[in-house]
J.: 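Dumping the structure here so I can ask a few things about it.
Reminder, nothing fancy here: chain letters follow the sequence lines and each chain counts from 1.
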Amino acid sequence: MRVLFLHVDYLEYDVREKALKGVPDVPQSKRHGRIEEALVCFISAEKRDEANLAGVVRAAAANIVEIADQVRTKRIVLYPYAHLSSSLAAPGAAQELIASVEKELVGRGFDVHASPFGYYKSFRVAVKGHPLSELSREIVADASAEGKEDLSTAVKAEAKLVSHWHILEPNGAVHHLSIKDGKVSGFHFEGHDRLRRFATYEMAKSREAKEEPPHVRLMRELELVDYEPGSDPGNLRYYPKGRLIKGLLEEFVTERLRDYGTMEVECPVMYDFEHPALKSYLDRFPARQYIVQTPNKRTFLRFSACFGQFLIMKDMVISYKQLPLSLYELTRYSFRAEQRGEVVGLRRLRAFTMPDCHALVSDVEMAKEELMVRFEVAWNLLEDCGLSMPDDFEVGMRVTKAFWDANKDFVAAYAKRWGKPILVEMWSDQFFYFVMKYEWNFVDANDKAAALTTDQIDTENAERFGITFTDEAGKKRHPLILHLSPSGAVERVLYAFLEKAAAAAKDGKTPMLPVWLSPTQIRIVPVSVDQLEFARGLLDRLPDVRADLDDSDDTLGKKIRTAEKEWVPYIVVVGKKEIESGNLNVRVRETKEQIEMSTDALRKRILAETKGLPFRRLAEPELLSARPIFRG
RNA sequence: GCCACCAUAGCUCAGUCGGUAGAGCAGCCGCCUUGUAAGCGGCAGGUCGGGAGUUCAAUUCUCCCUGGUGGCUCCA
């Protein structure tokens, strides 16, 4: 069946003479019609429709309802129109079909007019002209039915996957969880409120009406990151201060991975859809990629560093003596065409920066051992960069039943090392390429969980990509692959810092970033212009920290306020007293106290606080008067 | 992707029952030269997100699009 849709101001027709013999006479009262504000459907029923009239009626009604909803009209005109197809259905079938569609639509509450079938008619029509006002569709019963069938095959397969939820305590105790009316039971969550919220988030998947996550306002107010309407949703712009913070995090994570002993590589961001090794990997997730048309092939943008590194690994010659062996890349970016409604702030992006480190191991024993080595790398990394371990996170561990049964000791040891109860999801079958994975989830004020650190034991991809190593016996074997993102997406680390600061502010504490990430570490504020020159001299004595100078002619109170709004951790006020004494009056954000110390003592204090962490100079000019505003 | 809501100055917002708009902050100029979160005065600043429709007239009403927010769905 073919349908031409017109959204009209009016349609007016006059019935002329019969086009088909044997159609019933039309009474004089029905020989003229005028319908206003309607969706007009010119319909041609086709030969193939006769095979499945009911299916076509259902599909047609669904299409018409969809478009009527879009143009927001309840009035529909069905206008038999034979000229859309060269393979028409028999008149009887066509008539029956249109009548059934009419009945179906009336049943759904639409105001339906059907113009007479089998007559020549003259008509006048006024089409609205907006983009949806003219559409044509080819409606096939089987196609829509088949489409549903395909979808449900995948859905069915996934539905077969049975999840069992548990809480695993550090002492090894296991508690089965169940959920009823959105309430999780089976474990006493006293003292573990965030774990309860995380478990509820994972199991119930339902959330109360909440507001915008606080980090979205903060990331813009602090002139760190912003939306970029000129790109695609989830592709952000970073202002100098945001780039500074992100760059420091990137350097830090990469440095820690090098210390761990990985080998850094760099891979393309786009890959050939038709590459045989990628095809089967991708087939399960066809809708999620960004597509790029190159001059001669269709490619997709990488969603992680996985296959870039796998493609290197499959060409490598590897001995068992070299295992465990790992490759690393900080992807800038990984691209995922996430659903529109899911993209928000720094929590869920379409382009994000992810450290990704894949290790080859010979067997499960080595996998478990190496996974815990990497556990410590990730733990120390997060702790040293300023997050609280394990307080700021909740573990979600996913295992197959087979892995759980065979490695109970290992899983229990993991919970013991973590030091507080963890959530375990157990799957009846291996549905994904891994037998075990864990994530460290940050649970924000809106009870949304975002996974940061994650590691997985992958049993499938070495074979899929043809990655091998030679074992002691001289035989080629497929290794297992660990997939570690030691910090998770760098953007999410910043998200966690901002959400943490917002939560602190809500508790009446002063929100701030760790000193090593603060865009300005020291703000020098002269009491009046008389101290400007002295203040400039101080900048020279603070070469290896981020110190800047408020040289505006605002009042002292105003300059303090400006610095506080920027979350500057140390504010130095210089007036006559300080010039005389040579000591500085330092306002410490964290403790809200004012202390007196020498310039060098302050410098050393900051160097001590940021020891072992990367340093970058100021992202903007050191004189505030020389700085543009990126966002009011 | 679906449903709902939102989009007015750089920022936060008010307003126009259809006759093209206003405040505070920020900016600029001037005065003040300041002791720990907003000194005073003046000036400038808007295709009221974009396109189309209705209308003598649209920022206002209608439709579409874009961007954002919440929920759903999703989350390798």
J.: Closest approach to the side chain of A:Val344, judged atom by atom: which nucleotide of B:rA76, B:rA37, B:rU69 is it?
T.: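 Selected nucleotide: B:rU69.
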
J.: In whole Å, measure the gap between the C1' atoms of B:rC61 and B:rC31 for me.
T.: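 Approximately 50 Å lies between the C1' atom of B:rC61 and that of B:rC31.
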
J.: With a 3.5 Å cut-off and no angle check, do the side chains of A:Tyr328 and A:Gln309 form a donor-acceptor pair?
T.: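 Judged by distance alone, the side chains do not pair up.
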
J.: Taking atom C1' in both B:rC65 and B:rA9, compute the distance separating them and give it to the nearest angstrom.
T.: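 Here B:rC65 and B:rA9 have their C1' atoms 25 Å from each other.
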
J.: Determine the interatomic distance between P on B:rA44 and the same-named atom on B:rU8; round to the nearest Å.
T.: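 Each nucleotide's P atom is 24 Å from the other's.
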
J.: Take A:Ser231 and A:Gln594, find for each the nucleotide of RNA chain B with the closest heavy atom, and name the residue whose nucleotide sits nearer the 5' end.
T.: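 First, find each residue's nearest nucleotide; the 5'-ward one identifies A:Gln594.
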
J.: Tell me which nucleotide among B:rA37, B:rU69, B:rU34 gets nearest to the side chain of A:Val216.
T.: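 Nearest nucleotide to the side chain: B:rU69.
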
J.: Considering only the P atoms, how many Å lie between B:rC48 and B:rC29, rounded to the nearest integer?
T.: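 One P to the other, the span is 29 Å.
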
J.: Write down the protein N/O and nucleotide N/O pairs, taken from nucleotides 1-8 of chain B, whose separation is under 3.5 Å; answer none if there are no such pairs.
T.:
unit_1, atom_1, unit_2, atom_2, d
B:rG1, N7, A:Arg340, N, 3.3
B:rG1, O6, A:Gly341, N, 3.3

J.: With respect to the side chain of A:Ile629, which nucleotide from B:rU36, B:rG27, B:rG35 is positioned closest?
T.: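 When the side chain of A:Ile629 is considered, B:rG27 is the closest of B:rU36, B:rG27, B:rG35.
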
J.: Using the C1' atom as the reference point in each nucleotide, state the distance between B:rU59 and B:rA14 in Å, no decimals.
T.: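 About 14 Å, rounded to a whole number of Å.
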
J.: For A:Asp111, is there an ion pair with A:Lys74 - N to carboxylate O distance below 4.0 angstrom?
T.: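 No, this pair does not count.
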
J.: Are any of the side-chain heavy atoms of A:Asp458 and A:Glu460 separated by less than 4.5 Å?
T.: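 When only atoms from C-beta onward are counted, A:Glu460 and A:Asp458 do touch, with a gap below 4.5 Å.
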
J.: Pairs under 3.5 angstrom, nitrogen or oxygen only, protein versus nucleotides 39-50 of chain B, please.
T.:
unit_1, atom_1, unit_2, atom_2, d
B:rG39, OP2, A:Thr555, OG1, 2.8

J.: Measure up the A:Phe375 and A:Tyr438 rings against each other and bin them: parallel (under 30°), tilted (30 to 60°), perpendicular (over 60°).
T.: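 A:Phe375 and A:Tyr438: tilted rings.
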
J.: Quick check for you: among B:rU69, B:rU34, B:rG67, whose closest atom lies nearest to any side-chain atom of A:Leu556?
T.: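 For the A:Leu556 side chain, the nearest candidate turns out to be B:rU34.
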
J.: Is any NZ, NE, NH1 or NH2 atom of the basic residue among A:Lys241 and A:Glu620 found under 4.0 Å from an Asp or Glu carboxylate oxygen of the other?
T.: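 Judged by the 4.0 Å cut-off on N to carboxylate O distance, A:Lys241 and A:Glu620 do form a salt bridge.
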
J.: Side chain of A:Pro229 only, please: which of B:rG67, B:rU34, B:rA37 is the nearest?
T.: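 Looking only at side-chain atoms, A:Pro229 lies closest to B:rG67.
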
J.: Centre-to-centre under 6.0 Å for A:His358 and A:Phe310, is that the case here?
T.: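 Judged by ring-centre distance (under 6.0 Å), A:His358 and A:Phe310 do meet the cut-off.
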
J.: Would you mind telling me which of B:rA76, B:rG67, B:rU36 lies closest to the side-chain atoms of A:Pro233?
T.: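 Output: B:rG67.
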
J.: If you check the A:Asp232 side chain, which of B:rU33, B:rG67, B:rG35 turns out closest?
T.: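 In terms of side-chain proximity for A:Asp232, the closest of B:rU33, B:rG67, B:rG35 is B:rG67.
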
J.: Using the ring centroid of each side chain, check whether A:Phe307 and A:Phe465 are separated by less than 6.0 Å.
T.: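 That pair fails the under 6.0 Å test.
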
J.: Using the P atom as the point on both nucleotides, what is the distance between B:rG41 and B:rC32, in whole Å?
T.: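 Approximately 16 Å lies between the P atom of B:rC32 and that of B:rG41.
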
J.: Using atom C1' of each nucleotide, how far apart are B:rA57 and B:rU20 to the nearest Å?
T.: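 It comes out at 10 Å once rounded to the nearest Å.
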
J.: For the pair A:Arg124 and A:Glu12, find out whether any cationic side-chain nitrogen is under 4.0 Å from an anionic carboxylate oxygen.
T.: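 Yes, this pair counts.
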
J.: Would you measure the distance from the P atom in B:rG39 across to the matching atom in B:rA26 and give it in whole Å?
T.: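 About 8 Å, rounded to a whole number of Å.
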
J.: Can you find a donor-acceptor N/O pair under 3.5 angstrom joining the side chain of A:Arg348 to the base of B:rC75?
T.: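 Yes, a donor-acceptor pair under 3.5 Å.
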
